[in-house]
Amino acid sequence: MKIQKVTENKKQYLSLLLLADEQESLIDGYLDRGMMYVLVDVDDNAICECVVTDEGNGVLEIQSIATAPAFHGKGYGRAMIEFLIQTYRGQFSVLRVGTGDSPLTIPFYEACGFVRAYVIPGYFLTHYDHPIYEAGVLLVDKIYLEKTLS
């Protein structure tokens with residue numbers, strides 16, 4: 001397995017991107033300005049993707065991170081986050097992620113050492129053109145979590 005930076009033709013990974021963010025127009029809003037990484041197997045098949053953006057003031061934000069369903073629970077998402085920490089420690093002070101208040105994603109980030117920072121109420125109701133459900137839960141608020149990179 002290896003993690004490689006993607007600098008062009010990022011949309012070739014749209015199927016993975018849509019696992020993290022169901023609305024392509026929102027992906028389009030950060031994809032070009034983001035730094036994209038893909039974890040691939042020995043045959044160069046993409047297993048996990050991540051897009052991060054520089055939000056200023058020392059904040060690096062995960063805009064998208066997703067692992068192909070067949071590879072869930074095998075540590076690839078955690079490996080991607082560890083890669084980000086190692087790559088950007090010293091360049092940024094905080095790694096931030098915004099997600100739905102889901103019983104699947106919040107525990108994952110907390111297990112990776114993130115702590116809740118703040119909430120944007122009603123985000124999913126106003127930014128998406130359809131209801132978003134995860135693990136049977138309607139996502140309403142966007143929960144931001146942060147991890148110090150020092």
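Source: prediction; values computed, not measured.
- Between Y144 and V97 the shortest side-chain heavy-atom distance does not fall below 4.5 Å.
- T148 and E146 share no side-chain donor-acceptor pair at under 3.5 Å.
- In the model, Q63 has a side-chain atom that pairs as donor or acceptor with a side-chain atom of T53 under 3.5 Å.
- Classification of K2 and D44 as a salt-bridged pair holds, one side-chain N sitting under 4.0 Å from a carboxylate O.
- Below 30°, between 30° and 60°, or above 60°: for F124 and Y128 the angle between ring planes is below 30°, a parallel geometry.
- Using a 4.0 Å cut-off between charged nitrogen and carboxylate oxygen, E110 and R116 count as a salt-bridge pair.
- Considering only heavy atoms from C-beta on, Y118 comes within 4.5 Å of R96 through its side chain.
- Using the six-membered ring where Trp is involved, Y109 and F114 have ring planes that are perpendicular, over 60° apart on the 30 and 60° scheme.
- For the pair D101 and K142, the salt-bridge criterion is not met [side-chain N within less than 4.0 Å of a carboxylate O].
- Using cut-offs of 30° and 60° for the angle between ring planes, the H127 and Y123 rings count as parallel.
- Rounded to the nearest 0.5 Å, atoms CD1 (I143) and OG1 (T105) are 9.0 Å apart.
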Exercise for the section: Let me see the working for I85 and L149 under side chain to side chain contact (heavy atoms under 4.5 Å, CB included), right down to the final yes or no. Expected result: CA-CA 6 Å; I85 291 167; L149 292 181; 3.9 Å; yes
